[in-house]
Participant: 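Once you've had a glance at the structure underneath, I'll fire off some questions.
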Protein chains: 2
Amino acid sequence: MYSKELLKGTIEIIILKLLVENGSMYGYEITQQVKNLTKGKIVISEGALYPTLHKLEAIGVLSTEIIHIGRRQRKYYHVSEVGKDISALKMQELSSFLHSLNQILDFKLSS
Amino acid sequence: MYSKELLKGTIEIIILKLLVENGSMYGYEITQQVKNLTKGKIVISEGALYPTLHKLEAIGVLSTEIIHIGRRQRKYYHVSEVGKDISALKMQELSSFLHSLNQILDFKLSS
DNA sequence: TCCTTATACCTTGGTATACAAGGTAATTAA
DNA sequence: TTAATTACCTTGTATACCAAGGTATAAGGA
């Protein structure tokens with residue numbers, strides 16, 4: 001696992017990116033997908049996930065829908081229209097920041 | 001200026017990288033070099049810089065030497081032998097983290 | 001049957017890191 | 001002589017994250 005500090009500021013963007021791409025996801029699904037995509041190297045804890053989702057919902061970036069699977073419930077999140085613009089800005093900001101950071105660290109990060 | 005949160009966890013590595021490369025620098029010089037290298041996009045505030053330098057000195061990663069320029073003093077920092085190993089590990093960790101992050105965000109970050 | 005693991009939501013308390021703002025003082029430029 | 005720059009520093013505040021805990025259903029293994 002990485003130094004916890006590195007994740008700071010990126011969790012929100014990770015969540016938004018996944019939601020924009022997949023249209024609609026529930027919390028647990030997000031944690032699993034992050035784990036899978038990064039082969040377990042990045043793990044979003046629930047103590048970070050849920051407060052972030054609730055905050056994004058509160059400010060109108062996300063909206064929710066509760067679905068019942070048997071007796072269990074799932075809360076699906078999706079990005080609102082306003083949220084899409086905000087997401088795009090945040091992505092752009094992170095991309096630009098990483099580019100600046102690379103000016104100092106000279107990492108080779110082409111995938 | 002970027003969202004402050006993005007810098008979290010990277011300031012220490014930025015400082016170490018510059019010190020490893022330049023051998024020896026003083027605080028103010030570090031802030032200026034970061035500003036120059038990133039065209040003003042990344043700015044390390046003094047409230048972040050000095051506590052970090054002091055912490056790294058306290059744990060033996062950095063050692064210091066005070067030089068007098070006229071009546072003014074400069075405190076030069078350089079990376080100790082142990083510090084070099086720790087720096088390398090931290091660089092590796094950040095590089096790996098960014099690679100994982102890229103698995104989700106698909107940025108094109110080749111410089 | 002029972003126990004563990006996985007699914008699925010959530011909250012609370014603690015920690016760490018950075019910023020804003022402030023303080024001191026010498027030097028240089030206008 | 002005044003402002004800007006150089007150069008060190010500290011204090012108080014915000015916040016984002018994690019660890020740990022809580023609740024409950026579902027599925028799989030012994």
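Values below: every heavy atom of this structure, side chains too, minus hydrogens, waters and symmetry copies. Naming: A, B, ... by sequence-line order, numbering from 1 per chain.
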Participant: So if I define the base as every atom that isn't primed, P, OP1 or OP2, how would nucleotides 11-23 of chain C read as a B/S/- string at a heavy-atom cutoff under 4.0 Å?
Facilitator: B----SBSBB-B-
Participant: List the atom pairs, donor and acceptor, that lie under 3.5 Å between side-chain atoms in residues 56-65 of chain A and the rest of the protein, sequence neighbours left out.
Facilitator:
residue: Glu57(A); atom: OE2; partner: Thr64(A); partner atom: OG1; Å: 3.0
residue: Ser63(A); atom: OG; partner: His78(A); partner atom: NE2; Å: 3.0

Participant: Provide the full list of salt bridge (charged side-chain N to carboxylate O under 4.0 Å, His left out) pairs with a residue in residues 94-105 of chain A, sequence neighbours left out, each pair given once.
Facilitator: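 Output for this query is empty, none listed.
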Participant: Using the side-chain contact (heavy atoms from CB on, under 4.5 Å) criterion, which residues pair with Glu21(A)? Sequence neighbours excluded.
Facilitator: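 By the side-chain contact (heavy atoms from CB on, under 4.5 Å) rule, Glu21(A) matches Lys17(A), Asp106(B).
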Participant: Can you list everything that forms a side-chain hydrogen bond (donor to acceptor under 3.5 Å, both in side chains) with Ser96(A)? Sequence neighbours excluded, please.
Facilitator: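 Checked Ser96(A) against side-chain hydrogen bond (donor to acceptor under 3.5 Å, both in side chains); matches are Tyr2(B).
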Participant: For the residue pair Leu101(B) and Ile14(A), establish whether any side-chain heavy-atom pair is separated by less than 4.5 Å.
Facilitator: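 In short, these two side chains touch, coming nearer than 4.5 Å.
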Participant: With side chains defined as the heavy atoms from C-beta onward, is the minimum distance between Lys84(A) and Glu81(A) less than 4.5 Å?
Facilitator: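 Of all side-chain heavy-atom pairs linking Glu81(A) with Lys84(A), at least one is under 4.5 Å.
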Participant: Return the CD to OG1 distance between Gln33(A) and Thr38(A), rounded to the nearest 0.5 Å.
Facilitator: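 These two atoms lie 10.5 Å from each other.
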Participant: Run the side-chain contact (heavy atoms from CB on, under 4.5 Å) test against Asp85(B) and tell me which residues pass, sequence neighbours left out.
Facilitator: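 For Asp85(B), no residue satisfies side-chain contact (heavy atoms from CB on, under 4.5 Å) once neighbours in sequence are set aside.
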Participant: Output the residues of residues 61-74 of chain A in contact with DNA chain D, where contact means a heavy atom of the residue under 4.0 Å from an atom of the strand; sort by number or write none.
Facilitator: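 The stretch gives Arg71(A), Arg72(A) as the residues lying under 4.0 Å from the strand, ordered by number.
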Participant: Where along residues 16-37 of chain B does a heavy atom come under 4.0 Å from DNA chain D, residue by residue in number order?
Facilitator: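 DNA chain D contact set from residues 16-37 of chain B: Tyr26(B), Gly27(B), Tyr28(B).
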Participant: For Lys90(B), is there an ion pair with Glu93(B) - N to carboxylate O distance below 4.0 angstrom?
Facilitator: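 Not counted as a salt bridge, because no side-chain N and carboxylate O are separated by less than 4.0 Å.
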Participant: Throw together a table of side-chain donor-acceptor distances under 3.5 angstrom for residues 67-77 of chain B, partners on residues two or more places apart or in other chains.
Facilitator:
residue: Arg74(B); atom: NH1; partner: Tyr76(B); partner atom: OH; Å: 3.1
residue: Arg74(B); atom: NH2; partner: Tyr26(B); partner atom: OH; Å: 3.4

Participant: For nucleotides 1-3 of chain D, print each protein N/O atom paired with a nucleotide N/O atom at under 3.5 Å, atom names and distance only.
Facilitator:
none

Participant: side-chain contact (heavy atoms from CB on, under 4.5 Å) with Thr31(B): which residues, sequence neighbours excluded?
Facilitator: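 Listed in chain order: Tyr28(B), Leu49(B).
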Participant: Please collect all ring-ring contact (aromatic ring centres under 6.0 Å, His included) contacts where either partner lies in residues 32-51 of chain A, sequence neighbours excluded, each pair once.
Facilitator: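 Non-adjacent pairs meeting ring-ring contact (aromatic ring centres under 6.0 Å, His included): zero.
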